[in-house]
Each structure stands twice: as structure tokens, then as C-alpha cells.
Amino acid sequence: MRIYFYHTQDIQKMYAESAAGRFPSHFLYGAVQLEQMGHEIVWHKHHRIDYTGRFTRLKQIFNTTREILSCRKDYDVLYATSWRGLEFIVLLRALHLFRHPVALWHHQPVTRSSNALREALSRFYYKGIDRMFFFSQALLQQSVEAGKCNPSKMSVIHWGADMSFYDRIRQDTLPATCSFISTGKEMRDIETLLEAFRQSGESLQMYLNLAQGDKDYGKITAKYANSGNIFIDYPSPLSVGELAVKVAQASCSVICCRKTNYTVGLTTLVEALALGKPIICSRNMSMPVDIEKEGIGIYVDYYDVEGWKRAISFIASHPADAAAMGRRSLDLARNHFNALQCAREVESFLHLLLISPLL
């Protein structure tokens, strides 16, 4: 199978770093594993866009369309990590002017628009997508309920970690210390997490950006800078691998998020699974893993300081239970949530599209 692989990020850099063992390949959504399985991958050429200038979105769409159409005889199916940049290609597919099936990841649930014209246009647009991949059944179900897409085009994929990358880190890292770690940045509820640890007195290591979206994390964390049990760093020089080592050295991964309708914290979660860590996580029901049902962690309601304190206390005071959670996390990663499993599932759906496209 010849697969055109599209990503909004720098594919060439990620691929090279992955080949050198410095970057986990799951951020390429199974494409590396698909290549290793014998499929021919046409790697989209990344273009650096000036995001401070005007017409950024149009530049991205133009460059993407040009790249994809210029080599359209070299592949059989288009596989993408996002629809961003693919808007014109998907429109051409809906109009039956692009002959290759289009399969892509939909990171948030499909929703209805209150604007009748926009709703009609989006319904037509979605006809240009032959297969949509979702991270969880909850996201797929919400999308079905929107009633604007064909449910037969929707599938849940087990997106998970590059196990060979994290196996090396686990094997080379000293036994975990009794500390908690937070490494996420998107939609994080920093205030609740820091207040819970300030009151609990347990050790927390936090790595995040100075700012993310509309949140000034530097300002939020400033008042906790002198707390003896809380270490905060803004790791712009640290690589993904270096941060993974920090997680491997901690005893528990904590994921405290603001309320959302999508899988905020999933990247942090799959890394914790691959490193065999117990997890404390905000009760985001869009996640593909029920951490309490699987016995790998503890849920806490959104913005619940007292709930976080109870969860922190349990992990700190029950090391045997926490260790058992960690072992089950690793088993879950090895058996289900890993990059090879993701590639196998994607492969099966791409193959079906070539046999019988749904358009």
C-alpha cells in the first residue's frame, strides 16, 4: 500500500529524531510502524509558516494542497493527523475531484452549528472524509449524536506510545523516588493542583510552559515558588526524552486539567502507561481509558482541591497499591495502547478504503 502521510508539524525533523532514538515515534501516529510493516510512505514536506503574518491559514492550505496534488500518482490513500491544512483537498474529495480516499484523525467531537448555512456547508464538507479516527468511544459517540456525518465512516483507534523508546528509558533509569510529577501544558488546571500539593506537603515536580493559550502559567505559579515541597521548571531546553526520564524517576504521574469535551492530557497519560506509573487524573470522560476501572489510578473531579489531597495521600501512603497500579499501566500499554497497535488498526481501515471506499 502506498500511503501519503500528512502532519501539521515538522515530519522530517520528528522522523530523523525518531530514527536516532531521541524522539518517540507515536507522535507520527503509526506512520513509522506502517513503513516498517512494508508499506510505502510518501512523507508530506513540512513548510514553515509565518504564524505572525496575515493569511496564515490560507498559506498553509495552499502549500498543503500543492504538495499533495503534485505527487498524486505516487500514492493510493491519504492518511492525515488532522484536517487543518487539508480543507481544499477534502472539498475536492467531496466534489469527486480528488480520487484518493482520505482518512484523518478528528481530535475533538463533531458538533452541530447554530448557523444554518455553516451547518449545511460542513455537512457537505464531511462527505470528503472517507474515514475519521477518534481517540475514544466517547468522542465517536458525541460525533454520531451530532447527526451530520455517516457513522460507518467513524472508528476508534488505540493511539499509544512508542514502546521501544520508553522501554529503553525504563531500563536505564534508577528506581523511582517518592515524588509526583506533572509535565502537561494544554488546558491544565495549575491552580487546583498546586494548592492541593501546598496543603498536602507531598513532593511535586512540575514542568510546563510559561504561558499556554490564555493562561499565564508563570504568573499563576509565582506564589508557589518558595514552597519547599514544590519544584517548578519551564523546560524549553528539555527534549521529550529528557522529560520522559523525569517521569520515569517519579513515583506517580498527575494530570490536572480544566473541564473540556476532548482528550486533554492523553499524551501525558500514554507516556505514564508506557513508563509503568500510577496516575491521578481529572475526571475527563472523553479519555479512552477508565483509569479506575483498569486499576491504574484515581480520578478527581474538576477543580476539587480536597479530592486531589485525598488521592495524593492515598498514593503516598500505599506504595504497594501504587506499584500494582504501575504494573497494570505497563501491561495496558504493552497490550493495547502502543504505536504498533495503532499502526495495525490504521492499516486495516486504510486497506478497507482501497477495497471499498465509502464516498
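Hydrophobic cluster membership is shared by Val240 and Ile11, with clusters built from Ile, Leu, Val, Met, Phe, Trp and Tyr side chains linked at under 4.5 angstrom. A continuous path of Ile, Leu, Val, Met, Phe, Trp and Tyr side chains, each step under 4.5 Å between heavy atoms, connects Phe88 with Tyr79, placing both in one hydrophobic cluster. Cluster membership check: Leu352 shares its hydrophobic cluster with Leu354, using side-chain heavy-atom separations under 4.5 Å among Ile, Leu, Val, Met, Phe, Trp and Tyr.
Of the inter-residue distances, the one linking Phe133 atom CZ with Tyr29 atom OH reads 12.5 Å to the nearest 0.5 angstrom. Separating the CG atom in Asn209 from the OH atom in Tyr234 is a distance of 10.5 Å, to the nearest 0.5 Å. With values rounded to the nearest 0.5 angstrom, Ile312 atom CD1 is found 5.5 Å from Ile280 atom CD1. Distance check: Leu28 CG to Thr81 OG1 gives 9.0 Å after rounding to the nearest 0.5 Å. The distance from atom CZ of Arg170 to atom NZ of Lys277, rounded to the nearest 0.5 Å, is 9.5 Å. Here Asp304 contributes atom CG and Lys309 contributes atom NZ; the two are 10.5 Å apart, rounded to the nearest 0.5 Å.
Residues His26 and Ala161 come closest through the heavy atom pair ND1-CA, 3.4 Å. The minimum heavy-atom distance between Ser329 and Ala272, with the atom names listed, is CB-O, 4.4 Å. Considering all non-hydrogen atoms of both residues, Ser25 and Ser18 come closest at CB-OG, 3.3 Å. Counting all heavy atoms, side chain and backbone alike, Arg93 lies closest to Gly128 at CG-O, 3.1 Å. In terms of heavy-atom proximity, Ser286 sits nearest to Thr263 at O-CG2, 3.1 Å. Of all the heavy atoms in Ser282 and Cys257, the pair that sits closest is OG-N, 2.8 Å.
No side-chain N or O of Glu191 forms a donor-acceptor pair with one of Tyr303 less than 3.5 Å apart. When only modelled atom types and interatomic distance are considered, Lys148 and Ser122 share a side-chain donor-acceptor pair under 3.5 Å. If you check the side chains of Asn150 and Ser152, you find a donor sitting under 3.5 Å from an acceptor.
Annotation: side chain of Arg22 is not in contact with side chain of Glu242 (no heavy-atom distance under 4.5 Å). Side chains of Phe135 and His107 form a contact here, defined as non-hydrogen atoms less than 4.5 Å apart. Between Met1 and Leu350, some side-chain heavy-atom pair lies under the 4.5 Å cut-off. Between Asp76 and Leu353 the shortest side-chain heavy-atom distance does not fall below 4.5 Å.
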**OP:** Mind running side chain to side chain contact (heavy atoms under 4.5 Å, CB included) on Leu204 and Leu194 for me, showing each step along the way?
**Re:** CA-CA 9 Å; Leu204 171 68; Leu194 289 176; 3.9 Å; yes
Original post:
Hey, mind stepping through Glu306 and Gln199 against side chain to side chain contact (heavy atoms under 4.5 Å, CB included) and telling me if it holds?
Top reply: CA-CA 9 Å; Glu306 292 301 318; Gln199 294 184 27; 4.0 Å; yes
**OP:** Quick one: do Arg283 and Glu292 satisfy side chain to side chain contact (heavy atoms under 4.5 Å, CB included)? Show the steps, please.
**Re:** CA-CA 10 Å; Arg283 196 182 298 275; Glu292 291 187 341; 4.2 Å; yes
**OP:** Could you go through the side chain to side chain contact (heavy atoms under 4.5 Å, CB included) check for Asp130 and Val77 one step at a time?
**Re:** CA-CA 10 Å; Asp130 297 87; Val77 61; over 6 Å; no
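Remark: Phe314 engages His318 in a ring pair (Phe, Tyr, Trp, His ring centres under 6.0 Å) (not counting sequence neighbours).
Remark: aromatic rings of His100 and Tyr75 are close, center separation under 6.0 Å.
Between the Arg258 side chain and the Asp189 main chain, no donor and acceptor come within less than 3.5 Å of each other. In this structure, Glu87 contributes its side chain and Ile61 its backbone to no donor-acceptor pair below 3.5 Å.
The number of heavy atoms from other shown groups lying within 6.0 Å of CZ (Arg66) is above 12.
For the pair Arg2 and Glu40, the salt-bridge criterion is not met [side-chain N within less than 4.0 Å of a carboxylate O].
The ring pair (Phe, Tyr, Trp, His ring centres under 6.0 Å) with His44 is formed by just one residue from the set Tyr6, Tyr15, Phe5; it is Tyr6.
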